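Accompanying notes for the structure given below.
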Amino acid sequence: MRVLIADDYHEMSRKAAAIVNSQVLLKPDCVLGLATGSTPLGMYRELIRLYQNQAADFSKVTTFNLDEYYGLDKENKQSYAYYMNTHFFNHINIQRENTHIPDGLSADINEACRRYEQRIAEKGGIDLMVLGIGTNGHIGFNEPDTNFIAETHRVMLKKETIQDNSRFFKSAEETPTMAISMGIRAIVQSRMLLLLANGEAKADAIYKTLKGTIRPEVPASIIQIHPNVTILLDRHAAKLLL
Ligand code: F6R
């Protein structure tokens, strides 16, 4: 496990983008796993900048997002589909048919989840999975007490996650309480993991993830078993490690 500590959010984002772009340069038709939320916004901005400077080419890349809110359609400004389009896909040369986000509106959620797993398998699995982390240690929306062998599934979000996410909605009441999330299994089966965290609010989750025992109460702790993990932090998130 490599732990890299950047001075600030900008340096963290630049390094994250460099790692993702190296993967794309080494294997132009690679499969990326992608996260949403506040943490990777700077990384997406930097990847767009690299693309504009002709230093990155996403034309053959395939992507699978970690999660989507249950019950929000793609046009909803709070959906992760909308987030990915506005913050990344609209600004690069990725082919839309190569981008995948769990379907939060499907009439048959179990079937949609099964197809999502199948599509990942058909593409040969994920080469590089970019992860954020919840203040409660979730990865994707695999909440505490998660099943480590779960596949893509519908999850009930925990109180603290709904609270954390409510900053993007008008109120906590409007914040979705369910989501579709890639399971821990597909995440750890990815060939490389890149976990990003910034800000003091993540320090405790990072400490438990890296130094604690591997347990379902801290879903991210499972990454300790992975042979190829890079943890990229700003110094605030790394505070308890120093
Ligand atoms: C989002 C995701 C979540 C977030 C986590 C941190 O796709 O998978 O696990 O990475 O909730 O969110 P931010 O970055 O907003 O603190």
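Computed from a predicted model, the values in this text were never measured in an experiment. Order of listing sets the numbers, starting from 1, for every ligand and every atom in it.
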Measure the distance from [atom] to every protein heavy atom, then report the residue, atom name and distance (to 0.1 Å) of the closest one.
atom	answer
atom 3 (C) of ligand 1	G140 O, 3.5 Å
atom 6 (C) of ligand 1	I133 O, 3.3 Å
atom 10 (O) of ligand 1	G132 CA, 3.3 Å
atom 5 (C) of ligand 1	H138 NE2, 3.4 Å

With respect to G37, determine whether any N or O atom, backbone or side chain, lies less than 3.5 Å from an N or O atom of ligand 1. no

Mind checking whether Y80 has an N or O less than 3.5 Å away from an N or O of ligand 1? no

Quick one: which ligand 1 atoms are inside 4.0 Å of a heavy atom on K202? 6 (C), 13 (P), 16 (O)

Any atoms of ligand 1 less than 4.0 Å from a non-hydrogen atom of L66? List them with their elements. 8 (O)

Using 30° and 60° as the class boundaries, would you call the ring planes of F141 and Y80 parallel, tilted or perpendicular? parallel

For the residue pair S106 / R115, report whether a side-chain donor-acceptor contact shorter than 3.5 Å exists. no

Do T161 and N136 have side-chain N/O donor and acceptor atoms under 3.5 Å apart? yes

Heavy-atom closest pair (E174 atom, F169 atom, distance to 0.1 Å) is O-CD2, 3.7 Å

Tightest non-hydrogen contact, residues A197 and I206, listed as CB-CD1, 3.7 Å

Of the choices T39, L131, D67, which has the non-hydrogen atom that lies closest to atom 8 (O) of ligand 1? D67

Logged contact type for T36 with ligand 1, heavy-atom cut-off 4.0 Å, is both

Heavy atom of M182, distance to ligand 1 below 4.0 Å: no

Under the salt bridge (Lys or Arg N to Asp or Glu O under 4.0 Å) criterion, do E46 and R49 qualify, and how do the steps go? CA-CA 5 Å; E46 179 64 11; R49 198 187 64 78; 2.9 Å; yes

In terms of side-chain geometry, is the basic nitrogen of E151 or R185 positioned less than 4.0 Å from the acidic oxygen of its partner? yes

Identify whether the distance between the nearest side-chain nitrogen and carboxylate oxygen of R114 and E117 falls below 4.0 Å. no

